[in-house]
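Both ligands and their constituent atoms are indexed starting at 1 by order of listing. This is a predicted model, so every value here is computed, not measured. Below, all heavy atoms of this structure are taken into account, side chains as well, without hydrogens, waters or symmetry copies.
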Amino acid sequence: MSKPKLTPEQQAVVDAPMQPLCVIACAGSGKTKTAVHRLVQMRRNMGASRGRLALLSFSNVAVDTFRKGYETLAVDLPAGVGRDRVEIATLDSFITTNVLRSHGHRTMKSKHAAFVVTGNEAFLDGFTFNPGTFPMSVTKLKVGLVGGVEHFFYTQNDTAVVVPTHVGHALAKRLGQTGAYTHELGRYWAYRTLKERPDLLKVIARRYPHLLIDEAQDIGSVHQAIVELLIGAGSSVTLIGDPNQGIYGFAGADGGFLRAYFKRPGVQPHELKKNFRSVPKIVKLANGLCGRDDETDRTALDRPHGAFFTGYKRSEASQLLTAFQSAMVVSGSLVKQSAVLCRGRGLATEVRGDDMPAGQGAVKTLAAAAVSRDRKKDFQEAFQRVAVAVVALLDKPPHGLVSYVTQVGPAPAAFPRARELRRVIWSFTRDASAGLPSASLPADTQWHSTMVSRTKALLVRLQTDFGLKTVDKVGLKLKKTGLPATPLMSAADLADEAARIRVDTVHKAKGESLDAVLYMTLKDHAGELLAGVGTEVGRIGYVAATRARDLLWVAVPKTALKELRPLLQAKGFEEVGVVQCSTSNALATLLAKA
Ligand SMILES: Nc1ncnc2c1ncn2[C@@H]1O[C@H](COP(=O)(O)OP(=O)(O)OP(=O)(O)O)[C@@H](O)[C@H]1O
């Protein structure tokens with residue numbers, strides 16, 4: 001991490017006394033930098049003390065950034081300071097490592113050590129609940145805590161639907177007895193373990209006298225209950241986040257814990273109000289949306305930039321995208337650092353034109369993995385899919401093998417060589433020349449035959465090196481049924497891959513800085529964006545808008561334009577028409593830039 005000077009407000013957080021802080025920070029205010037500097041300073045203050053420090057967040061991307069930042073800055077710590085006594089992890093992995101993995105099984109009444117399931121494990125077929133329509137997998141079961149009382153629910157279109165407590169409880173318990181937990185239920189079991197084991201709680205609080213939690217607006221009710229237990233047992237907890245970016249309300253996280261935290265005795269309040277990301281016009285607009293008066297660090301550009309709106313017809317989404325990409329060229333935004341964002345997955349899928357992955361069974365999963373890797377450049381997703389497909393080709397694989405392989409961290413006793421196997425599957429996933437073949441090969445001929453021979457070779461290796469037996473008649477599971485004659489990543493995709501702009505949900509883009517953002521809305525999404533950050537959909541719009549560094553477009557349905565126009569203009573958006581332009585010219589220019 002480079003070392004630009006911290007602002008006075010950032011420095012005040014870093015230099016604050018060793019007590020709990022509540023840091024409310026605006027979008028683009030450098031929470032990452034501030035949190036890492038604070039972490040280093042706290043470690044310096046703790047000197048050689050044996051207590052550990054933890055910096056916790058919610059995504060692996062954030063954790064990676066924090067780790068790199070800490071590695072860079074911690075070299076300046078004097079000798080004798082316990083530089084390694086720092087943990088940087090997701091809140092869930094902190095809970096898993098410290099509570100669930102070694103202690104959870106006792107509370108879960110399982111003979112096995114606890115292990116996570118992701119939903120693809122065959123044995124989960126027997127773990128469902130029936131809300132009256134059709135059976136739903138236990139992976140859909142969510143749990144919240146209100147005043148220490150658990151309540152179960154599932155979400156449908158981002159709305160919570162209650163599951164009777166006795167049903168949810170019985171299902172969680174039955175699954176728990178096998179040693180398995182879903183991500184959701186893991187937190188529940190961790191909470192129950194800590195509640196039942198004050199001795200363990202005390203040990204953890206002593207081990208971690210200080211915790212820093214980033215993106216604290218995403219703390220849900222069960223997370224909060226766990227954090228409250230740790231606070232009660234003596235850990236000093238600092239929260240950093242932006243309540244206006246709380247977009248997981250449907251999952252029980254509405255930013256309330258962060259918003260009210262400064263009121264607690266002994267908690268020192270701080271604010272970060274300087275936005276380093278966006279041009280002044282976008283910061284002004286964001287202030288108008290959330291009712292804050294944040295400052296901007298950037299100056300206006302000498303090329304077109306700022307916040308615009310336009311109308312679009314669903315059937316003409318591709319023209320809108322072309323027009324937006326043309327505007328990006330003029331504003332100097334790079335395709336690879338820009339995105340079209342939608343509030344929901346449905347609209348994103350429609351705009352992106354995603355097809356169902358071709359093939360069937362394990363082949364379908366491997367085909368989807370090749371597309372994840374080669375089209376979406378999402379290696380993590382590709383890896384997860386390969387792991388699922390490969391395990392599906394094994395005869396009686398160890399219980400929980402997919403999760404042992406895909407989860408980072410020490411190998412479980414049940415499968416001590418998980419990390420080696422992880423490496424083998426990673427290299428198969430990554431290497432299109434010797435592992436999973438390229439999605440650019442014709443699917444039902446070259447891709448399929450290459451995939452079959454390499455997958456079989458991989459399975460032989462798993463048997464020889466790891467004792468993992470292949471299913472009988474594996475050829476039947478690797479048939480080419482359903483694969484098209486064209487490449488999985490179609491020829492058209494290959495041609496304009498460099499010019500293809502990412503289309504994603506706002507949730508996926510959280511925490512990112514993007515040169516240009518096109519927020520595609522339905523009428524109510526736009527209405528709620530304009531109404532402010534009081535609702536979840538309003539906050540989702542706010543997150544979309546504040547990702548943009550230089551250029552923000554909000555597209556609203558043409559049918560709603562008349563009604564929304566004055567409201568958009570009142571907030572400071574300027575109107576642009578979707579000018580028709582030659583697609584090939586626009587793409588050629590973009591390709592040259594990319
Ligand atoms: N003191 C500083 N001087 C210059 N640039 C800074 C400073 N602090 C942070 N930045 C830059 O500000 C940008 C935004 O920082 P960051 O991504 O951490 O924002 P954030 O607070 O997490 O935003 P959001 O919550 O919107 O995701 C980064 O490019 C970072 O390098």
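For ligand 1, the atoms sitting less than 4.0 Å from at least one non-hydrogen atom of Gly511 are 27 (O), numbered in the order shown with element in parentheses. Listed by number with element, the atoms of ligand 1 under 4.0 Å from a non-hydrogen atom of Lys5 are 1 (N), 2 (C), 3 (N). For ligand 1, the atoms lying closer than 4.0 Å to a non-hydrogen atom of Gln245 are 24 (P), 25 (O), 26 (O). Those atoms of ligand 1 with a heavy atom of Arg277 less than 4.0 angstrom away are 17 (O), 19 (O), 23 (O), 24 (P), 26 (O), 27 (O).
When Gly30, Gly241, Ser278, Pro8 are ranked by how near their heavy atoms come to atom 16 (P) of ligand 1, first place goes to Gly30.
In this structure, Phe309 has no ring-ring contact (aromatic ring centres under 6.0 Å, His included) partners at least two apart in sequence or on a different chain. Residues passing the ring-ring contact (aromatic ring centres under 6.0 Å, His included) test with Tyr519: none are found, sequence neighbours excluded.
For Ser221 (side chain) and Leu145 (main-chain N/O), a donor-acceptor pair under 3.5 Å exists by modelled atom type.
Taking the six-membered ring for Trp and thresholds of 30 and 60 degrees, Tyr208 and Phe94 have ring planes more than 60 degrees apart, a perpendicular arrangement. The aromatic rings of His151 and Phe153 sit parallel, their planes meeting at an angle under 30°, below the 60° perpendicular limit.
Taking a 4.0 Å cut-off on heavy atoms, Ser29 registers as neighbouring ligand 1.
Checked by distance only, ligand 1 and Arg547 come closer than 3.5 Å through their nitrogen or oxygen atoms. Below 3.5 Å of separation, one finds an N or O of Gly28 facing an N or O of ligand 1. Among the atoms of Gln10, some N or O lies under 3.5 angstrom from an N or O of ligand 1.
Counting heavy atoms from C-beta on, the side chains of Phe383 and Gln380 come closer than 4.5 Å. Looking at Val503 and Met520, their side chains never come closer than 4.5 Å, going by heavy atoms from C-beta outward.
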